[in-house]
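Working notes, structure below.
Each ligand, and each atom within it, is numbered from 1 in the order the structure gives. For the numbers below, each heavy atom of this structure counts, side chains included, while hydrogens, waters and symmetry mates do not. Fair warning: this is a prediction, and the values are worked out from it, not measured in the lab.
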Amino acid sequence: MLPTSSSLPFFLALFLCVPASAKILTDPTKIASQYDFVIVGGGTAGNVVANRLSENPNWRILVVEAGVNNAGIEDVSVPFLEIDASPNKPWTWNYTTVPQTALNGRSMQYTRGKLLGGSSSINYMMYTRGSSDYWDNIAQYSGDEGWSWNSMLPYFKKLETFTPPADHHNTAGEFNPSVHGSNGPLSVSLPGFPTELNSRVFNTTKIASQSFPFNLDVNSGNQLGVGWLQASINDTVRASSAVAYLAPQFISRPNLDVLIQQQVTKVLFSTSAKSAPIATGITFAAGPGARSFTVKPSKEVILCGGSIGSTQLLLLSGIGPSSQLNAHRIPVVLFSPQVGQNLIDHPAIMNHFIANTTQSADSIRENATVLQAVEEEYATLGQGPFVDTASSSIALLRFPSSESVFRQFPDSSVGPNSAHYEFLWADAWVGFLPTVAAPATGAFTTLAQVVVAPASRGSITLSSSSPFDFPIIDPAFLTSEYDVKLSLLAFKSAKQFMAQSPWKGFILGPAQDSANLNTDDEIIAYIRSNTLTLWHPTGTNRMEGNGGKSQGVVDHNLLVKGVSKLRIVDASVFPFIVPGHPEATVYALAERTADLIKAAWA
Ligand SMILES: Cc1cc2nc3c(=O)[nH]c(=O)nc-3n(C[C@H](O)[C@H](O)[C@H](O)COP(=O)(O)OP(=O)(O)OC[C@H]3O[C@@H](n4cnc5c(N)ncnc54)[C@H](O)[C@@H]3O)c2cc1C
Ligand SMILES: *[C@@H]1O[C@H](CO)[C@@H](O)[C@H](O)[C@H]1NC(C)=O
Ligand SMILES: *[C@@H]1O[C@H](CO)[C@@H](O)[C@H](O)[C@H]1NC(C)=O
Ligand SMILES: *[C@@H]1O[C@H](CO)[C@@H](O)[C@H](O)[C@H]1NC(C)=O
Ligand SMILES: *[C@@H]1O[C@H](CO)[C@@H](O)[C@H](O)[C@H]1NC(C)=O
Ligand SMILES: *[C@@H]1O[C@H](CO)[C@@H](O)[C@H](O)[C@H]1NC(C)=O
C-alpha cells in the first residue's frame, strides 16, 4: 500500500482546517418541528438531493447522517492520502464480506464512508460517467427516455465545474471541453502531477493503436480506449458531495438542516385496508440503547443510505423477501422479493511490475526524507504527488467477439461501444491484500485490471433485526465462470500492453507476487487469490424493467413500489453496473431525481 499514516506536519493541519458550519447539528432536540422532506444519509447522493430541494425556499429539508462531519479530516481532504481514508477509521463502516467461495474462501473488507459526503469522502475520486450505451440501456430497460445518455448529459454538465489541475499545465488534447460543465457544484479535473509513466502509457497507444487506441475523453459517451483520468478534485483538495453540495452558500440556507451522528433505524408506515402503505416518517438514534427520535415529513422520506445502508433499512422496516422478514420476526409492511438481491460489484486485481526508476512514488512510502519533502511541497506550494489520486490514465476496453468465451456465455457488456474491462496505472506499489504486503524497498508500477461488466450476482441480507448489527454482504465474486474467463483475458491483455516498446528498460518484469505465471491454470489460481473489490456495490434495490417483467424494488421515478411517499436515490437503484467507476453516475442520478421530485410536488 502507498504511504504511511504518519500524521502531516502541524502547518498542514492548519492549512486544511475548515470551520464547522453552525447548520450541521449534533443535537436532535435542536431540529425543527416540521419538515417537507427527510433525507436518510448525507452521502454522495443525499447531499445533491438536499441541495436541489432546498433551492425551493418554501420547502424545509432535513438530512439525517449516521456519521461524522467531514470538515478538517486531512486523510479525507488530501487526495494522495486516500489510502489512509479507509478502512477501519472512525469515519467508516467497517463491513466485511462473507467468505467468497470462488476466491478460496477469502473474506474481504468492504468499507463505506460514514461521514458527510459518504463514500465520496473516502473514495479514490476517479470520475467516469459510463458510456452512452450504459444510460441508453437503462432508458430502454426502464421505459423512461429520461435516463438516456442524451437526457443525462445536461445533468453531467450541470453538476460539474471543470477545473484546472493543481500544476496549471496546458490541458489541450487531454479532454473534450464541449462535453463538460463550468458552473456546477462539483469540481472535476485532470491530473495535477502527471508523471513520466503517462508518457509511456500514451506512447503505447501510438504503437499499438489497434488494440489500445487513444481516446481524447472517456467521459464523452464514447468511452472505449485509453485516456486521461478525470478526478473529483478541486486544485489540491478532494471534492466530495459534502465539500461541493454542502458548501457554505448552500448549508447556510435557512430551510436546510443537516443532523449528524444519528443513525436512522426504521421507516414508519401507516397502513390501511384501502390503500398501499404510506411512509410517514423515520426513527433515529445515536446508537444501541440511546434515546430514539421520530420525524414525520409532510411530503417524502428519501433513502440515500447507499447500496448497503438503504437495503438494510428497507429490510428492517418490513419491506423485503418474506423469508427474511419472517426469520427475523420483522412486522411485514410489504413483501418485495428483490430487496437486497442483484448485488453487482467490480472484481479487480493489482498487477505489480518491477520498475527501473528512481522516481516512483514508492520512495514516499520507503523513505521518510522523501515523505517530508513531498508533504512540505504540498503544504507550501500546493504541488507534487499529494495533489492526485493513484492513477492519471485509464483504459476502457473490449474483447473481440471472436473470443471463445462469447460462444459459451452471452456478452455482458452494456452495448457494442462499452467496455468489458479496464486498466489503471500507478507509479508505485498499490495493493490492498493483507497477504501481499508492499516490499520494503524497490520501485514498482501497478497495473490494476478490472472486469467492468461482470455476470456474477450477490446479495445483502440481514444478520439480525438490530439496526446496529452489520448485514451479511456477499458480492459473490467470480461465482460466474464467465468472470473468471474475462479476468484471465484481461490479465493477458495487460501483459501484452506492458510488453510494448515504451516499457522496454523501464519494466524489468512482473514482481514476486505474479512471477512465473505461464499456464492458464496458474493465472487463474493467481486470479482467485488476488481478486479484490473496487468497492462499487450496485443494484440491491434496482429499478424494475422490461415493462414489469424484470422485477425491481423501485419504479423508474425511484419510488419504492407498493408503498407511497418513499423514494430511494443512491447506487442501489441501478439495474446494471456502470462500466467504470460509479460516483459520477450517482451524482447525475441524484441531480435528475431531484428534478423529478420537484416536478412531482410542483
Ligand atoms: C474505498 C472506496 C473507493 C472508491 N473509489 C471510487 C472511485 O475512485 N471512483 C468512483 O466513481 N467510485 C468509487 N467508489 C464508489 C463510490 O464512492 C460509491 O459508489 C458512491 O459514493 C456511492 O454513493 P451513494 O450515495 O450510493 O452512497 P454513499 O456515498 O456511501 O452514502 C451513503 C450515506 O448514508 C449514510 N447512512 C447509511 N445508512 C444510514 C442510516 N441508517 N442512517 C443514517 N445515515 C446512513 C452513510 O453513512 C453515508 O454517509 C469507491 C468507494 C470506496 C468505499
Ligand atoms: C470502524 O473502526 C474504527 C477503528 O477501529 C472505529 O473507530 C469505528 O467506530 C468503526 N466503525 C463502525 C461503524 O463500527
Ligand atoms: C474550488 O476551490 C476554490 C478555493 O477554495 C473555491 O473558490 C471554488 O469555489 C471551488 N470550486 C468549486 C467548483 O467548488
Ligand atoms: C514518448 O514518445 C515521444 C515521441 O516519440 C518521445 O520523445 C518520448 O521520449 C517517449 N517517452 C517515453 C517515456 O518513452
Ligand atoms: C532518502 O531520500 C533522500 C533524498 O532523496 C536521499 O538522500 C537518501 O539517500 C534516501 N535514503 C535511502 C535510505 O535511500
Ligand atoms: C535502467 O534504466 C537505465 C536508464 O534509465 C538504463 O541505462 C538501464 O539499462 C536500465 N536497466 C535495465 C536492466 O534495463
Can you produce the list of protein nitrogen or oxygen atoms under 3.5 Å from a nitrogen or oxygen of ligand 6, alongside each distance?
| from | atom 1 | to | atom 2 | distance (Å) |
| --- | --- | --- | --- | --- |
| ligand 6 | 2 (O) | Asn356 | ND2 | 2.3 |
| ligand 6 | 11 (N) | Asn356 | ND2 | 2.8 |

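Without hydrogens or angle criteria, Ser240 side chain to Ser121 main chain gives no donor-acceptor distance under 3.5 Å. A donor-acceptor pair under 3.5 Å links the side-chain atoms of Arg238 to the main chain of Ser120, judged by distance alone. Lys296 places no side-chain N or O within 3.5 Å of a backbone atom of Thr280 that could act as its donor or acceptor partner.
In Lys89, the part holding a heavy atom less than 4.0 Å from any atom of ligand 2 is the backbone.
Under the 6.0 Å distance and 45° angle rule, Lys114 does not count as a cation-pi partner of Trp91. Trp147 carries Arg592 over the face of its six-membered ring, with the cationic atom under 6.0 Å from the centre and within 45° of the normal. Relative to the ring axis of Phe506, Arg200 places its NZ or CZ within 45° and under 6.0 Å from the centre.
Near ligand 1, residues Val40, Gly41, Gly43, Thr44, Ala45, Val64, Glu65, Ala66, Ser86, Trp93, Thr111, Arg112, Gly113, Lys114, Leu115, Gly117, Gly118, Ser119, Ser120, Ile122, Asn123, Tyr124, Met125, Met126, Gln262, Gln263, Val264, Cys304, Gly305, Gly306, Gly309, Trp535, His536, Asp570, Ala571, His581, Pro582, Glu583, Val586 each place a heavy atom inside the 4.0 Å sphere around the ligand atoms.
Atoms of ligand 2 lying under 4.0 Å from at least one heavy atom of Asn88, given by number and element, are 2 (O), 3 (C), 4 (C).
Between Thr92 and ligand 2, an N or O atom pair is found at a separation short of 3.5 Å. Where the criterion is an N or O separation shorter than 3.5 Å, residue side chain and backbone included, Asn94 meets it with respect to ligand 2.
For the ring pair (Phe, Tyr, Trp, His ring centres under 6.0 Å) with Phe156, the qualifying choice from Tyr127, Trp135, Tyr587 is Trp135, the only one to do so. When Leu424, Val452, Val450 are each tested for a side chain to side chain contact (heavy atoms under 4.5 Å, CB included) with His581, only one passes: Leu424.
A donor-acceptor pair shorter than 3.5 Å cannot be found between the side chains of Ser189 and Thr163.
Side-chain contact between Val226 and Val201 is present, with at least one heavy-atom pair separated by less than 4.5 Å. Leu62 is not listed as a side-chain neighbour of Phe37, based on a closest heavy-atom distance of 4.5 Å or more.
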